[in-house]
**Student:** 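Quick one: the structure is below, questions incoming.
Computed from a predicted model, the values in this text were never measured in an experiment. For the numbers below, each heavy atom of this structure counts, side chains included, while hydrogens, waters and symmetry mates do not.
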Amino acid sequence: MIAEEVRGLLAPFNPWWHNLKWSREDPLLRTVRRSVLRKPPRIYYHISRYLPKPGCYGIVTIRGPRRVGKTTLVMMIVDHLISRKRVSSENIFYVPLDYAKLKDVDLFGLVADIAQLPGEKYVFLDEASMRSDWALILKNLVDANLVEKGRLKMVVTGSHSMDLADAASKLSGRQGCLATMFNLGGNLIHVPRRFVEILEALRPDIDDYLRRRGLRRSSERFNMLLQLKQGTIPRGLEDFYSEFAALLEAVFEDYLLHGGFPKAVDQYHKEGIIDPEFYHNFAKLVISDSGNAGLNPENTKRVLEFLTQPSRLSSPLGLGERKNIGKLVVGVDEEGFSSVKFGLGKYLEYLETTKIFLFPYREISSHACTPNYRADRKVYVLDPFSYHALRSYVRGEADPLGSSRRLLERMNFKGRLVESVVAAHLTMAQQFFEHVPSVDYHRVLLYTKDGDETDYILCLIRRGKIYRFLIESKYRKKVPGVPDRAEIVLTKDRLEERAIEREKGKKKFVYIPVALFLTLF
């Protein structure tokens, strides 16, 4: 294609080429300006800092669940490049691969033609997961020297990363100097907003409080985490809780309903509702997208029925119950009989790589921070809204918000969901506290069952040193007994340092409210 044909094909998706007021009229950016979450997500600051660096080209990927705001993030970055960095609007190309018009486009040829245009170019390939060949195409572009020679800064978004291992092998050493500047080697994760992000957005005074006292610096937060491990409550956390305890608890209670998906948060805090269609559309996308990953969507739905049972959350998956899942799924073996070996592992992998579920392994008792891949795995959901949406959809509930409220009235379930929320924050801790080329999440968060169970083993590497934190979740008014091993015990509202005498000497630990603890992440 010649330059005019490229621009003609992409013009409907790139309004900044012909409209100076595009950002005022863009529906996604207008929604952000009216939202209670006007402050961009953390990942925005990371990308906007490194992407415009001159003379550095390559490929950056952004993965995250549907409806988390990846396209909105792209539009915010485009606006930043044009309005703040004075990048020529004609050098920014947005290619939405989930649009029917672009479904069969020659992607290699399209990017190759863009590479021939003058100057540094920014190319955003949105929802690349819709194309099974995206990684191979990018590899071919790199091998043809079109990315470096064409001065391309490419940002590729997608909803699942089952193909990421394949992509990593294809793109190994090929993502360019641009990717090396980013955390995770340029393979970024866009997760729903964390609890503290919601807190800061809803209450600017808390945002200002944390900023003025240096509590937003990752180094300071990590030091506080170390103090908690040693049995000491940092003065900064104590003062913060003294001033904002009631507010922290109230916002956390709401977070258990709406989670961190921007639309759900916005509707809930503006109107006191969350549109049932938003719940159902999210669930339908998760299920239908599994087909793009080579799975059977009907089987995905059956697996979700099993995983979203309230008693299953924050409990072992149940190796002995896999046959029970098999009885639910659709499919036959080569002899025509109902097949229980339908490949459960692939479905669990899909749900993990879409950043919807997490299935951590038990720690090998004799090897700290080493997962036992033969042992049972626990079931955690990475965002409350995800759980409520999937559960209500597979059960055909007409009022998802109402059923979620009723479910949270059951303290046993509420404790399970809180444990899951904590796991979601802990599993992303490595990349928050230190820039690393990659993360094996199964080595960041584990659990133990050596005698009494320890809910979380958090393993973090910082400046070359491995830190291991033992954490228990006890979200209830009355905290039972003294922890057998935990150094940090998460409570509903108890903040206290404790020390008890043991045969091997004094054991120090802390009780800390969950909502306060999560502000560290």
**Student:** In plain terms, say whether Asp266 and Lys263 are close enough for a salt bridge, that is, a side-chain N and a carboxylate O under 4.0 Å apart.
**Tutor:**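 The answer is no: the pair does not qualify as a salt bridge.
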
**Student:** Using a strict threshold of under 4.0 Å (side-chain N to carboxylate O), is an ion pair present between Glu220 and Arg213?
**Tutor:**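 Not counted as a salt bridge, because no side-chain N and carboxylate O are separated by less than 4.0 Å.
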
**Student:** Could you go step by step and tell me if Lys492 and Glu249 meet the salt bridge (Lys or Arg N to Asp or Glu O under 4.0 Å) rule?
**Tutor:** CA-CA 8 Å; Lys492 188 175 189 297; Glu249 186 171 341; 2.4 Å; yes

**Student:** Apply salt bridge (Lys or Arg N to Asp or Glu O under 4.0 Å) to Lys39 and Asp207, showing your working.
**Tutor:** CA-CA 10 Å; Lys39 186 177 179 181; Asp207 189 20; 3.2 Å; yes

**Student:** Write down the atom of Pro371, the atom of Ile364, and the distance for their closest heavy-atom approach.
**Tutor:**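 Shortest heavy-atom separation between Pro371 and Ile364 comes out as O-CD1, 3.7 Å.
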
**Student:** Under 6.0 Å from the CZ atom of Arg498, do we count more than 12 heavy atoms belonging to anything else shown?
**Tutor:** yes

**Student:** On a heavy-atom basis, which atom in Leu446 and which in Cys369 lie closest, and how many Å separate them?
**Tutor:** CD1-CA, 4.2 Å

**Student:** With sequence neighbours left out, what residues match Pro360 under side chain to side chain contact (heavy atoms under 4.5 Å, CB included)?
**Tutor:**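 Partners of Pro360 under the side chain to side chain contact (heavy atoms under 4.5 Å, CB included) test: Leu358, Lys378, Tyr380.
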
**Student:** So which heavy atom on His258 is nearest to which on Ala264, and how close?
**Tutor:** O-CB, 3.8 Å

**Student:** Which atoms form the tightest heavy-atom contact between Ser386 and Phe282, and what is the distance?
**Tutor:** OG-CZ, 3.7 Å

**Student:** Do other residues, nucleotides or ligands put more than 12 heavy atoms under 6.0 Å from the CZ atom of Arg33?
**Tutor:** yes

**Student:** Would you indicate whether Arg235, at its atom CZ, is surrounded by more than 12 heavy atoms from other residues, nucleotides or ligands within a distance under 6.0 Å?
**Tutor:** no

**Student:** Check whether more than 12 heavy atoms from other residues, nucleotides or ligands sit under 6.0 Å from atom NZ of Lys270, and answer yes or no.
**Tutor:** yes

**Student:** Can you run down the disulfide bond (SG atoms under 2.5 Å apart) pairs that involve residues 216-259, sequence neighbours left out, and say none if there aren't any?
**Tutor:**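 Found none.
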
**Student:** Between Ser129 (side chain) and Ser159 (backbone), is there a donor-acceptor pair under 3.5 Å?
**Tutor:** yes

**Student:** Scan Glu253, Glu409, Glu419 and name whichever one has a side chain to side chain donor-acceptor pair (under 3.5 Å) with Lys414.
**Tutor:**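 Testing each of Glu253, Glu409, Glu419 against Lys414, the sole residue satisfying side chain to side chain donor-acceptor pair (under 3.5 Å) is Glu253.
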
**Student:** Around atom CD1 of Ile466, are there more than 12 heavy atoms from other residues, nucleotides or ligands closer than 6.0 Å?
**Tutor:**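 For Ile466, atom CD1 is not crowded (no more than 12 foreign heavy atoms under 6.0 Å).
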
**Student:** List the residues meeting side chain to side chain contact (heavy atoms under 4.5 Å, CB included) with Pro204, not counting sequence neighbours, and say none if there are none.
**Tutor:** none

